[in-house]
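In this text, all values refer to a predicted model and were calculated from it rather than measured experimentally. In the text below, chain A, chain B and the rest are named by the order of the sequence lines, each starting its count at 1.
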There are 2 protein chains.
Amino acid sequence: MVHQSYETLIHKSEAVEADAVSLALPDVCGDQALEASACCKRPRGRPRAYDPDLVLKKALHVFWQKGFAATSLDDLVEATGVNRPSLYAGFGDKEALYLKSMQHYRQRISEQLDTVLSCNGQGDSLSTIVGRYFDIMIGTYTGQSEHPLGCAFMCTALNEAPQHESILEMLQNTIEEFDVRFERFFTDAQTYGCLAAHHDPKVLAQMIGGITANLGVRARAGASADELRLIAGNMTRMLFGA
Amino acid sequence: MVHQSYETLIHKSEAVEADAVSLALPDVCGDQALEASACCKRPRGRPRAYDPDLVLKKALHVFWQKGFAATSLDDLVEATGVNRPSLYAGFGDKEALYLKSMQHYRQRISEQLDTVLSCNGQGDSLSTIVGRYFDIMIGTYTGQSEHPLGCAFMCTALNEAPQHESILEMLQNTIEEFDVRFERFFTDAQTYGCLAAHHDPKVLAQMIGGITANLGVRARAGASADELRLIAGNMTRMLFGA
DNA sequence: AAATTTTTGTGCGAATTGGTACAAAAATTT
DNA sequence: AAATTTTTGTACCAATTCGCACAAAAATTT
């Protein structure tokens with residue numbers, strides 16, 4: 001089997017790469033809140049009948065629930081409403097579609113965290129900020145379905161990591177990003193006087209990671225949002241006081 | 001699809017149920033350290049050509065690496081050396097074999113923990129005991145293969161939980177057992193004066209669970225035993241002092 | 001309106017899947 | 001030694017798997 005890197009797979013299909021760029025960059029076509037399709041001049045051929053972002057969201061939900069291996073292309077076709085060759089043309093094979101779905105998941109969380117995870121010494125206390133962080137995570141772990149689905153990375157990517165180099169890379173990448181983010185957060189907190197100097201930001205970041213993992217696991221096992229909030233509250237209190 | 005409970009599945013095949021009992025109960029055939037087969041009078045038909053416990057161990061390794069869904073019966077036949085109908089006769093279907101393999105895993109860890117996880121106030125300090133606990137977990141997370149495999153529960157059972165009632169039950173059961181064990185450990189530690197009264201055993205148990213989860217995840221992502229020991233050391237120091 | 005380009009949708013095909021039927025084999029019991 | 005019991009191993013089956021070929025469709029461009 002040929003090794004295909006995570007980066008390669010993510011950018012495999014040109015069709016969606018273009019879309020990803022148009023989503024990431026600020027809208028170059030004007031200030032009006034137009035649909036992306038109505039904005040820039042429509043490309044040459046037959047127009048795409050689906051919204052790529054919505055497809056990723058729907059695909060993510062299937063992968064999240066059934067895992068990568070147990071999710072068939074028929075499942076994906078049924079869930080997204082896009083038929084098989086179109087999925088291939090738009091997103092690449094099953095593995096590429098999975099990776100893109102997980103990127104979608106990752107970015108959705110990342111954007112939420114951006115709104116709460118900063119400490120400049122002016123706003124709220126460390127424990128309330130961390131509390132808000134946990135609320136966000138608990139929300140994504142329990143709010144996507146009737147039955148809580150837990151952490152999509154732990155619940156699905158962990159399973160596949162040894163067999164799929166690209167998924168392993170994505171997993172490592174995600175962990176690294178998490179670590180860096182929280183280490184920076186706690187370093188900032190220290191420089192602004194919100195965190196005592198004797199604490200080690202690296203260690204605290206690891207601790208947050210552990211607690212988060214705990215929540216993700218318990219959610220998958222059926223714990224309710226309330227149960228998880230109780231746990232998160234206890235943890236935050238223990239680490240940062242009431 | 002008919003619901004089959006975890007308990008039912010575990011005791012599905014009579015052949016191995018008998019073996020499980022003979023393993024769980026103290027050996028009724030005498031004090032000598034005999035092979036199970038050489039001990040009690042051999043049953044009537046053709047003797048089994050494999051060691052059930054060894055088969056479970058080998059099957060576990062495959063499931064651990066590839067996950068439940070991606071492991072085919074051909075994989076299991078190749079890894080165990082037992083052909084398909086014999087696997088079915090001996091352990092039930094793929095799901096039952098998986099559950100039994102995971103029980104094997106669980107018990108192996110449980111027995112190791114029994115040797116270190118007790119606090120009667122006479123022996124070592126809390127932090128060294130907890131340190132030994134983490135060493136055991138790190139050992140199972142990294143010591144089974146060249147590439148570290150992480151926590152078998154988090155890496156495989158989490159993935160299947162929503163689709164397989166029996167696996168979900170096993171997962172819940174395992175989490176519960178973990179919680180109870182550590183809660184008791186810390187309560188004991190408090191009564192023997194090894195842990196300050198202001199600590200909440202429940203919360204500490206959750207914390208240990210989180211750190212353990214963190215180790216299991218990072219191992220699957222490729223972290224070495226040394227890296228994990230560093231993390232575990234930092235955590236223990238933070239919680240219980242140097 | 002004809003040519004071009006891209007997406008869609010039906011349908012297929014080679015390979016793999018989990019599970020089982022059935023006869024041969026290997027032991028104990030009578 | 002014949003009968004009985006259990007395991008083994010070959011061979012197979014129906015169902016599902018992923019991926020793709022190919023023509024029809026829907027848009028823009030000339």
Side-chain angles (χ1 to χ4, degrees), chain A residues 1-2 4 9 12-19 35-52 55 59 62-63 66-99 160 163-164, chain B residues 1-2 4 9 12-19 37-38 40-52 55 59 62-63 66-99 160 163-164 166:
Chain A
M1 185 181 289
V2 184
Q4 275 194 299
L9 274 170
K12 208 170 190 174
S13 75
E14 300 304 321
V16 167
E17 180 179 16
D19 265 278
E35 307 249 346
S37 53
C39 165
C40 302
K41 201 167 59 172
R42 191 182 269 169
R44 207 145 180 318
R46 176 171 175 173
R48 199 176 285 129
Y50 57 85
D51 172 13
V55 167
V62 184
F63 283 130
K66 309 185 76 168
F68 171 76
T71 297
S72 72
L73 287 183
D74 285 339
D75 292 331
L76 294 167
V77 167
E78 189 190 348
T80 61
V82 177
N83 56 33
R84 207 178 293 218
S86 293
L87 280 182
Y88 269 84
F91 305 92
D93 64 8
K94 187 176 146 185
E95 190 173 326
L97 179 52
Y98 171 76
L99 288 173
E160 311 298 334
Q163 301 294 313
H164 302 267
Chain B
M1 186 182 290
V2 184
Q4 276 195 296
L9 274 170
K12 208 172 190 174
S13 74
E14 301 304 320
V16 169
E17 180 179 15
D19 265 279
S37 53
C40 304
K41 201 166 60 172
R42 191 182 271 171
R44 209 150 181 310
R46 177 172 174 171
R48 198 178 287 129
Y50 57 85
D51 171 13
V55 166
V62 185
F63 284 129
K66 310 186 75 169
F68 171 76
T71 297
S72 70
L73 286 184
D74 285 338
D75 291 332
L76 293 167
V77 166
E78 189 190 348
T80 61
V82 178
N83 57 32
R84 208 177 290 218
S86 293
L87 280 182
Y88 270 85
F91 305 92
D93 65 7
K94 188 177 146 185
E95 190 172 329
L97 178 53
Y98 171 75
L99 288 172
E160 311 297 334
Q163 302 293 313
H164 301 268
S166 60

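If you take CG on A:L87 and CG on A:L97, they are separated by 6.0 Å, rounding to the nearest 0.5 Å. The distance from atom OG1 of A:T71 to atom CD of B:Q163, rounded to the nearest 0.5 Å, is 8.0 Å. Distance check: B:T80 OG1 to B:D75 CG gives 10.5 Å after rounding to the nearest 0.5 Å.
With contacts defined as side-chain heavy-atom distances shorter than 4.5 Å, the pair B:Y88/B:R84 qualifies. Between A:F91 and A:V55, the closest side-chain pair of non-hydrogen atoms falls below 4.5 Å. Considering only heavy atoms from C-beta on, B:F68 comes within 4.5 Å of B:H164 through its side chain.
Nearest approach of A:R48 to A:P52, heavy atoms of both residues: NH1-CG, 3.7 Å.
When rounded to the nearest whole Å, the span between CD of A:E95 and P of D:dT17 equals 18 Å. For the pair A:R48 CZ and C:dT6 P, the interatomic distance rounds to 12 Å; values are reported in whole Å. Between the CZ atom of A:F91 and the C1' atom of D:dG19 there is a distance of 17 Å, given to the nearest Å. In this structure, OH of B:Y88 is placed 17 Å from P of D:dG9, rounded to the nearest angstrom. Across the protein-nucleic acid pair, B:Y98 atom OH and C:dG18 atom C1' stand 18 Å apart, rounded to whole Å. Atom CG of B:L73 is separated from atom C1' of C:dA15 by 16 Å (rounded to the nearest Å).
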Sugar-phosphate means primed atoms, P, OP1 and OP2; the rest is base. With that split, encode nucleotides 25-30 of chain C 5' to 3' as B, S or - using protein heavy atoms under 4.0 Å. BBBBS-

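Within residues 74-87 of chain B, the residues having any heavy atom under 4.0 Å from DNA chain D are, by residue number, B:N83, B:P85, B:S86.
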In dot-bracket notation, what is the pairing pattern of DNA chain D, taking Watson-Crick (N1-N3 plus N6-O4 or O6-N4) and G-U wobble (N1-O2 and O6-N3) contacts under 3.5 Å, with [ ] crossing and | for other strands? ||||||||||||||||||||||||||||||

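OP1 and OP2 of D:dT16 both lie 4.0 Å or more from every side-chain N or O belonging to A:S72.
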